[in-house]
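What follows is a short report on a single structure.
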Amino acid sequence: MRLSSMLFVTLREEPAEAEIVSHKLLLRAGYIRRIGSGIYCYLPLMWRVLQKISQIVREEMNAAGAEECLLPQLQPADLWQESGRWDTYTKAEGIMFSLQDRQNRLMALGPTHEEVITTIARELIKSYRQLPVNLYQIQTKFRDEIRPRFGLLRAREFIMKDGYSFHTSWECLQNTYARMEQAYRNIFTRCGLSFKVVEADSGAIGGAASQEFMVLANAGEDEILYTDDGVYAANVEKAVSLPPSPASSPFHFYQKKETPDCETIAKVCDFLNCSDTIVVKNVLYQALYDSGKMVLVLVSIRGDQEVNEVKLANQLSQLASQYDAKSLLSLKVADEISQSQWAAKPLPLGYIAPDLPDDYIAASDRVVGKFLRMADQTVVELKDFVTGANESGYHVVGANWGKEFTLPPIIADLRKARAGDRAVHNPQQTLKSARGIEVGHIFQLGTKYSTAMEATYTAEDGSEKPFIMGCYGIGVSRLAQAAVEQSHDSDGIIWPVAIAPYHVIIVIPNVTDAEQLKVAEDIYNRLNEAGIETLLDDRDERAGVKFKDADLIGIPYRLVTGRALKEGKVELVERATKHSQLIPIEDVVETLHQKINANSYK
RNA sequence: CGGGAUGUAGCGCAGUUUGGUAGCGCGCUUCGUUCGGGACGAAGAGGCCGUGGGUUCAAGUCCCACCAUUCCGACCA
């Protein structure tokens, strides 16, 4: 392609709208353009990058036995009502764009496609003989993100590869899951990314495995905890660890103490001169279920630890049926404002004990009249601990489970693991923290959707069974920006060869020089014939402008038809290293062929 | 959803305090010189100053409402 005939616009100054370097570079280099919050145009260069990535994804998915298809973006609400996700997605999370058609039918723009694919499977797959099946698509998704940011990293309209598999057994699912994991590793490796595979939260579905593929970058929104031995890596939402051992308590008998202005753990420890590891902290949450019931949850956890709300939400989801519900809609800390919805009398905030009496709740049809009491494992072993006295201004010390307090009925891991904690698999290892951009996620779904939507097949023994499902996603547009975040310098983008929009850019320093022009045109034609994707900068610009632009847009190899022409040579510059060499004109095609092949991972 | 900030030419910004006919740099057009790392000179084009209302002889500037964009947060007792 000739630059002179392309829509090619680069910006000299950093756009004010962008915060992180990859976003700034994509805007400056003319790859993307914002059209609304979280809504981007993929300009021609960007589209080529996205096509390259899509093609790699396609090749690896096909090689792993998946079939490509294309599902609708516009989806009828009743599919989502069937799966039970309409309310969660339009109200609770509010992440789904919904609309009404002219007949007032409710519709949604697809944020994901489990409902559609499950419907297809239900209609088309009747027998175990047809299984397993693995389908995928590459397509635009819509999500009304709470806060779109960082350009394509969190956009409201974005391109995703999503795949879904259907099986008769967990063994078969695990088999496909493992093949998908390998396909994903191949994809990200071929895209030239440095990534980590981490254990991820499997959500409220329970039991099922789930892994995320993280591109390591400080701008990433996810925190990863890992060990240096390479054995363990997990998203902080999911991570487990061994907490530090508690200190021994200085309080050997039970006593109520006046502790004025000690409504935080730090203050009470300071006041009592004790370690926060011997305090039982009691955090009050209010959980709302889709049955309309509100449940007050009192979580007891060691004073130095924090509640992992993802783990807590998973526990609460499993209890949904106790409250006539299918799912948990929202979970938040009960603060002074939200108490007004349910409190019978003012709570002793900051001084709550594990046995906070139920009569603080004004029970009603909507509000469950008993606290749901849970404890993190960290408090179970505590002896002679400190906790609130259910009275403002007072704590108790030297308390013990089984004496002054009853251990809550539900004991679970509700604690947030942190960097510095010891690893579960080997206490010699400590967890380290890194940030990552989630570019892929694979998931053993099980029968959640097939059961909810009554998607069944006839098994070998003649019985009807729900499909066992897996799902597999890659953020294609996010991946493209993640690659830039990981690979750039002060001059601009450095695309990995495999996903660069073009392999080579030929810069003609002076287009009025007939020889330069002729040699450049000649090389351009020969490269194209050889299948090497080439840009020809034949614009009537000064050399400096062309060099700056070439660096900015990040084409891996630059040929300059300049001074060395006298010796029958052109200059070849590698974008990543700035390494420059002179090569004979007749060797150009061969040399580039070798370099480009050496850089591809096929 | 809460809080903050910002909306002025394609991009980056000044002008708003103290109301008085719209500015700068880059980019764009034309001409000349220059020509291997974002050249120089000259001449131009380009703006319902986010939208709507109000105050005033007069509003980019003051007041009210709305919209949009963006940042922080949505978190612990």
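Residue numbers start from 1 in every chain, and the chains themselves are labelled A, B, ... in the order their sequence lines are given, proteins ahead of strands.
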Look at all strands and tell whether [X] reaches a base, only sugar-phosphate, or nothing, counting heavy atoms closer than 4.0 Å.
X        : result
A:Asp549 : base
A:Ile301 : nothing
A:Val560 : base
A:Leu347 : nothing
A:Gly350 : base
A:Glu571 : base
A:Glu14  : sugar-phosphate

> Do A:Lys345 and A:Tyr360 meet the cation-pi criteria used here (NZ or CZ under 6.0 Å from the six-membered ring centre, within 45° of the axis)?
Replying inline: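 Yes, A:Lys345 sits over the ring of A:Tyr360.
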
> Is the cationic atom of A:Lys293 (NZ for Lys, CZ for Arg) positioned less than 6.0 Å from the six-membered ring centroid of A:Tyr323 and within 45 degrees of its normal?
Replying inline: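 So A:Lys293 doesn't make the cation-pi contact.
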
Any idea which of [options] is nearest the [X] side chain?
X        : options                : answer
A:Arg33  : B:rC76, B:rG10, B:rA77 : B:rG10
A:Leu284 : B:rG27, B:rU69, B:rA77 : B:rA77
A:Thr264 : B:rC28, B:rG37, B:rA77 : B:rA77
A:Lys281 : B:rG38, B:rC76, B:rG37 : B:rC76
A:Lys332 : B:rG38, B:rC75, B:rC1  : B:rC75
A:Val545 : B:rU69, B:rA77, B:rG38 : B:rG38
A:Ile146 : B:rG38, B:rA77, B:rA74 : B:rA74
A:Val333 : B:rC76, B:rG37, B:rG10 : B:rC76
A:Leu11  : B:rC35, B:rC1, B:rC11  : B:rC11

Could you measure between the two [atom1] atoms, the one in [N] and the one in [M], and give it in whole Å?
N      : M      : atom1 : result
B:rA5  : B:rG50 : C1'   : 15 Å
B:rA45 : B:rC28 : C1'   : 8 Å
B:rC66 : B:rU30 : C1'   : 44 Å
B:rG15 : B:rU61 : P     : 15 Å

> So, the side chain of A:Thr387 versus the backbone of A:Val280: is there a donor-acceptor pair under 3.5 Å, distance only?
Replying inline: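 Flag set: sc A:Thr387 to bb A:Val280 pair under 3.5 Å.
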
Using purine N1 to pyrimidine N3 plus N6-O4 or O6-N4 for Watson-Crick, or N1-O2 and O6-N3 for G-U wobble, both under 3.5 Å, which nucleotide pairs with [N]?
N      : answer
B:rG7  : B:rC67
B:rC75 : none
B:rG23 : B:rC13
B:rG46 : none
B:rA39 : B:rU33

Looking only at N and O atoms, is any donor in the side chain of [X] or the base of [N] less than 3.5 Å from an acceptor on the other one?
X        : N      : answer
A:Arg28  : B:rG38 : yes
A:Glu13  : B:rG27 : no
A:Arg34  : B:rU69 : no
A:Asp551 : B:rG37 : yes

>> Salt bridge check, A:Arg149 against A:Glu221: does any charged N sit closer than 4.0 Å to a carboxylate O?
In response: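 Answer for the salt bridge query: yes.
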
>> Salt bridge or not between A:Arg539 and A:Asp549? Use side-chain N to carboxylate O under 4.0 Å.
In response: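 Answer for the salt bridge query: yes.
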
Below 4.0 Å: OP1/OP2 of [N] and any side-chain N or O of [X]:
X        : N      : value
A:Thr10  : B:rG38 : no
A:Arg563 : B:rG36 : no
A:Arg542 : B:rA39 : yes

> Mind checking whether A:Trp80 and A:Tyr89 have parallel, tilted or perpendicular rings, split at 30° and 60°?
Replying inline: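 A:Trp80 vs A:Tyr89 ring planes: tilted.
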
> Between A:Trp47 and A:Tyr42, what is the ring plane arrangement, given parallel below 30°, perpendicular above 60°, and tilted in between?
Replying inline: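 Parallel.
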
